[in-house]
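Just so it is clear: chains get the letters A, B, ... in the order the sequence lines come, proteins before strands, and each one is counted from 1.
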Amino acid sequence: MIERSTADKSPASDPRREMLWQVLAAIPPGRVSSYGRLAQLAGLGRGARLVGRWLGQLPDDTSLPWHRVLNSQGQLSLPADSPSGQEQYQRLLAEGVIIRNRRVNMARYGWPDSL
DNA sequence: AACATGGCTGCTT
DNA sequence: CAAGCAGCCATGT
């Protein structure tokens, strides 16, 4: 029998997100990763955009390092003028990540290194 | 169900 | 290096 429990659609109980949070939490301070990589690592395949969407839905008080996620080119994907964009910039800066022209050296800060 | 929208990517101009 | 284009995939109308 295939039954639908009343609470199997709760985003918070979505196992895919759980995976993502886990991978996300694994990014060391001072390092960065990309939406695509995280998607891959979290078993979301090509769900890069999905990762972005979900990150955007994280609560403000989250302890997850959402700011360590950039696009595949190592650039901050958030609009520079948005609050979140500034936040991300500042946080990375605070972790010692060198950002030049809204972009970081992925070869150096990219995580995981083995690829 | 069709269509538009994303915190994307990779390939080609 | 910037811009265009075509895949990708969950969500929202």
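Follow the hydrophobic side-chain contacts under 4.5 Å out from A:L38 and you reach A:Y35 in the same cluster. In this structure, A:V97 is not a member of the same hydrophobic cluster as A:V69, with clusters built from ILVMFWY side-chain heavy atoms closer than 4.5 Å. A:L64 is not connected to A:M19 by any chain of hydrophobic side-chain contacts under 4.5 Å among Ile, Leu, Val, Met, Phe, Trp and Tyr, and they are in different clusters. Under the 4.5 Å side-chain contact rule for hydrophobic residues, A:L50 and A:L70 do not share a cluster. Cluster membership check: A:I27 shares its hydrophobic cluster with A:V51, using side-chain heavy-atom separations under 4.5 Å among Ile, Leu, Val, Met, Phe, Trp and Tyr.
Residue pairs that meet the salt bridge (Lys or Arg N to Asp or Glu O under 4.0 Å) test with at least one member in residues 78-105 of chain A, sequence neighbours left out, are A:R68-A:E95, A:E87-A:R91. For residues 56-65 of chain A, no residue pair satisfies the salt bridge (Lys or Arg N to Asp or Glu O under 4.0 Å) rule, not counting sequence neighbours.
Between the side chain of A:Q86 and the backbone N or O of A:A80, at least one donor-acceptor pair lies under 3.5 Å. Side-chain N or O atoms of A:R16 include none that pairs as donor or acceptor with a backbone N or O of A:G43 at under 3.5 Å.
Along DNA chain C, the nucleotide closest to A:W54 and the one closest to A:N101 are compared, and the more 5′ of them pairs with A:N101.
Along DNA chain C, the stretch of nucleotides lying under 4.0 Å from any heavy atom of chain A spans, 5' to 3', C:dC1 to C:dT11.
Consecutive pairing runs in DNA chain C reach the stem threshold at B:2-6 with C:9-13, B:8-13 with C:2-7, where a stem means at least three Watson-Crick or G-U wobble pairs with distances under 3.5 Å.
In this view, A:R49 satisfies the side-chain contact (heavy atoms from CB on, under 4.5 Å) rule with no residue, not counting sequence neighbours.
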Are there any protein N/O atoms within less than 3.5 Å of an N/O atom in nucleotides 6-8 of chain B, and if so, which ones and at what distance?
{"unit_1": "B:dG6", "atom_1": "N7", "unit_2": "A:R49", "atom_2": "NH2", "d": "3.2"}
{"unit_1": "B:dG7", "atom_1": "N2", "unit_2": "A:Y35", "atom_2": "OH", "d": "3.3"}
{"unit_1": "B:dG7", "atom_1": "N2", "unit_2": "A:W66", "atom_2": "O", "d": "3.1"}
{"unit_1": "B:dG7", "atom_1": "N3", "unit_2": "A:Y35", "atom_2": "OH", "d": "2.7"}
{"unit_1": "B:dC8", "atom_1": "OP1", "unit_2": "A:S77", "atom_2": "OG", "d": "2.5"}
{"unit_1": "B:dC8", "atom_1": "N3", "unit_2": "A:R49", "atom_2": "NH1", "d": "3.2"}
{"unit_1": "B:dC8", "atom_1": "N4", "unit_2": "A:R49", "atom_2": "NH1", "d": "2.5"}
{"unit_1": "B:dC8", "atom_1": "N4", "unit_2": "A:R49", "atom_2": "NH2", "d": "3.4"}

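For B:dG7 and C:dA6, the P atoms lie 22 Å apart once the distance is rounded to whole Å.
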